K.L.:
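My questions will all concern the structure given below.
The shown structure was predicted, so the numbers you read here are calculated from the model rather than taken from an experiment. Convention: sequence-line order gives letters A, B, ...; per-chain numbering from 1.
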Amino acid sequence: MDQLNQLLVQRRKKAAELAEMDVELYANDFKPTHHISEVLSSGSANEAVANLDDAPNVRASFKVAGRILALRKFGKASFLHIQDDSGRIQVYVKKEIVGEEFYSQFKKWDIGDIVGFKGKLFKTKTGELTILADAIKLITKSLRPLPEKFHGLTDVEMRYRQRYVDLIVNPEVRETFRKRIEIIRLLREFLSNRGFLEVETPMMQAVPGGATAKPFKTHHKALDMDLYLRIAPELYLKRLLVGGFEKVFEINRNFRNEGLSTRHNPEFTMLEFYQAYATYQDLMDLTEEMISWLTAEINGSMEVTYQEQVVDLSPPWKRYTIDEALIEVGGIDPGVLDDPKAVIQLAKERGIELEPLAGPGKAKTELFELLVEEKLINPTFITAYPTEVSPLARRNEADPAVTDRFELFITGREIANAFSELNDPVDQKKRFEKQIVERGDDEEIHPVLDEDYIRALEYGLPAAAGEGIGIDRLVMLLTDSPSIRDVIIFPHLKAEK
RNA sequence: GGGCCGUUAGCUCAAUUGGCAGAGCAACUGACUCUUAAUCAGUAGGUUGAAGGUUCGAUUCCUUCACGGCCCA
């Protein structure tokens with residue numbers, strides 16, 4: 001617990017004094033009639049005049065509630081600003097109007113208290129729409145001082161640990177999270193309008209699959225079995241296609257037991273969707289349409305400024321095979337890409353450390369990450385990923401060394417990953433087995449082969465394509481947020497000591 | 001895991017070469033009926049992230065640790 005400093009002691013003392021005056025400190029009998037934004041945009045706002053006596057009966061009375069953010073007290077009258085979910089408004093409290101008793105209560109109110117007012121709108125000398133309070137009510141007494149009004153709260157550690165304070169004093173943070181909520185709502189709307197069903201699949205899985213990552217492990221006592229928090233919903237969503245649902249999606253959390261950074265949080269939000277009888281080409285078109293529409297809805301324009309870079313999301317978007325990108329963006333000699341030994345050699349020359357079993361496909365994707373990825377500012381689809389690095393993707397018919405897969409990059413970051421699904425159970429089983437060999441002695445990744453998923457494929461997964469979109473990164477782009485922690489409302493930090 | 005940077009009043013930040021820890025806002029007391037970063041007069045508020053070391057003297061230099069940030073893996 002905090003040592004009670006002077007400020008906290010003073011607040012507790014005021015609370016006690018109010019209680020002495022029979023004031024309820026945590027009342028729940030005040031019903032606002034309007035949000036602040038509704039008051040400010042009401043008919044009364046247009047009619048408001050400096051002197052209420054000019055038209056005392058024509059204007060409506062409002063009841064509003066909110067938190068005190070600023071307080072300017074005079075001897076017999078005061079101005080304050082309160083904030084609710086919709087905005088801020090000034091309130092004028094006069095002793096002459098609210099009466100001696102209420103004004104003496106009011107004098108014990110502090111910045112941070114949650115309060116209610118009833119009154120009519122008028123305009124001050126300086127033209128600000130203001131509620132002239134004729135009744136006042138304490139709703140919740142605050143026992144802690146808020147950060148300073150001018151600079152707000154800037155200490156990032158405190159902003160993340162005490163997000164509630166960040167939200168009270170930094171309006172742009174509220175705006176970012178409102179946008180996040182709207183983005184997710186619009187994605188649901190877009191997919192629902194196209195016949196996709198939103199489903200829920202297990203967060204706790206006996207065999208973590210669908211991606212290569214370290215899972216979080218937990219234990220079910222009654223069943224006496226280890227379970228893993230999912231690293232991806234993929235294998236369950238495809239089981240639903242086996243079952244006969246043709247278009248499904250899920251927006252939910254994935255968990256990966258790996259490092260934290262400005263782009264990684266241990267739990268993050270993914271949109272995954274699967275469509276029977278579609279190919280990765282169909283999903284490229286769908287993705288382009290979905291994200292450009294989303295951008296226009298959220299941003300009002302196809303141009304987005306991200307960290308001072310201007311990004312143009314107008315379709316059509318650039319499409320490269322990974323080889324084309326390595327040549328045209330990465331500046332690699334085309335001859336090298338056709339020679340497996342030369343590709344591995346080049347990767348090593350560039351300082352890339354490859355596992356002993358890694359082949360040219362792994363070398364290519366590593367070179368891509370090193371030389372190309374950060375240069376893809378405007379939306380760019382990269383296709384024809386090596387089969388070696390795409391264990392769940394269908395092989396390309398013309399060239400079985402690559403898969404029918406794409407990734408989407410914007411501002412140098414991977415936003416989406418999609419492919420035509422591998423539905424041959426024999427091929428799938430071989431690739432799973434190869435992954436388990438390649439994981440080496442790191443048993444935390446791919447602890448066992450998912451036999452049930454193979455069995456499902458044996459019943460028959462219809463030809464299909466599926467895609468995952470990292471929602472946090474998409475929100476970062478559309479809210480100009482430099483860190484994933486700015487778009488995750490309660491990001492993970494080490495425990496406070 | 002590695003490198004660099006940061007941690008001072010409730011908040012935002014200062015503190016000269018190692019020499020009395022300060023300001024603004026917030027708070028408290030008083031004045032004030034149109035203020036809006038209100039104003040005026042006064043007051044209080046500190047284990048300088050923690051522990052150790054060097055020194056006559058450490059916010060400042062050194063070591064370790066904690067937490068955070070950025071970059072890298």
K.L.:
Counting only side-chain nitrogens and oxygens, does A/Ser261 get under 4.0 Å of the OP1 or OP2 atom of B/C70?
P.N.:
no

K.L.:
Once side chain to side chain contact (heavy atoms under 4.5 Å, CB included) is applied, do any residues pair with A/Arg67, and if so which ones, sequence neighbours excluded?
P.N.:
A/Ile114, A/Leu146, A/Ile168

K.L.:
Is the phosphate of B/U33 approached by A/Lys73 (side-chain N or O, under 4.0 Å from OP1 or OP2)?
P.N.:
no

K.L.:
Between A/Lys362 and A/Glu366, is there a salt bridge with N-O shorter than 4.0 Å?
P.N.:
yes

K.L.:
Would you kindly compare A/Met158 and A/Lys94 by the position of their nearest RNA chain B nucleotide and give the one closer to the 5′ end?
P.N.:
A/Met158

K.L.:
Taking the ring of A/Phe409 and the ring of A/Phe368, is the distance between their centroids below 6.0 Å?
P.N.:
yes

K.L.:
Any N or O donor-acceptor pair under 3.5 Å from the base of B/U7 to the side chain of A/Glu157?
P.N.:
no

K.L.:
Within the side chain of A/Ser390, is there an N or O that forms a donor-acceptor pair under 3.5 Å with the backbone of A/Ala393?
P.N.:
no

K.L.:
Given that A/Leu493 and A/Gly259 both sit by RNA chain B, which one's nearest nucleotide is further toward the 5' end?
P.N.:
A/Leu493

K.L.:
Base of B/G10, side chain of A/Glu148 - is there a donor-acceptor contact under 3.5 Å?
P.N.:
no

K.L.:
For the residue pair A/Lys73 and A/Phe106, would you count it as a cation-pi contact if the rule is NZ or CZ under 6.0 angstrom from the ring centre and within 45 degrees of the ring axis?
P.N.:
yes

K.L.:
Assess A/Lys318 against A/Phe381: is NZ or CZ under 6.0 Å from the centre of the six-membered ring, and within 45 degrees of the ring's axis?
P.N.:
no

K.L.:
Can you give the dot-bracket line for RNA chain B, using ( ) for pairs inside the strand, [ ] for pairs that cross earlier ones, | for pairs with another strand and . for unpaired bases, where Watson-Crick and G-U count if both distances are under 3.5 Å?
P.N.:
(((((((..((((.....[..)))).(((((.......))))).....(((((..]....)))))))))))).

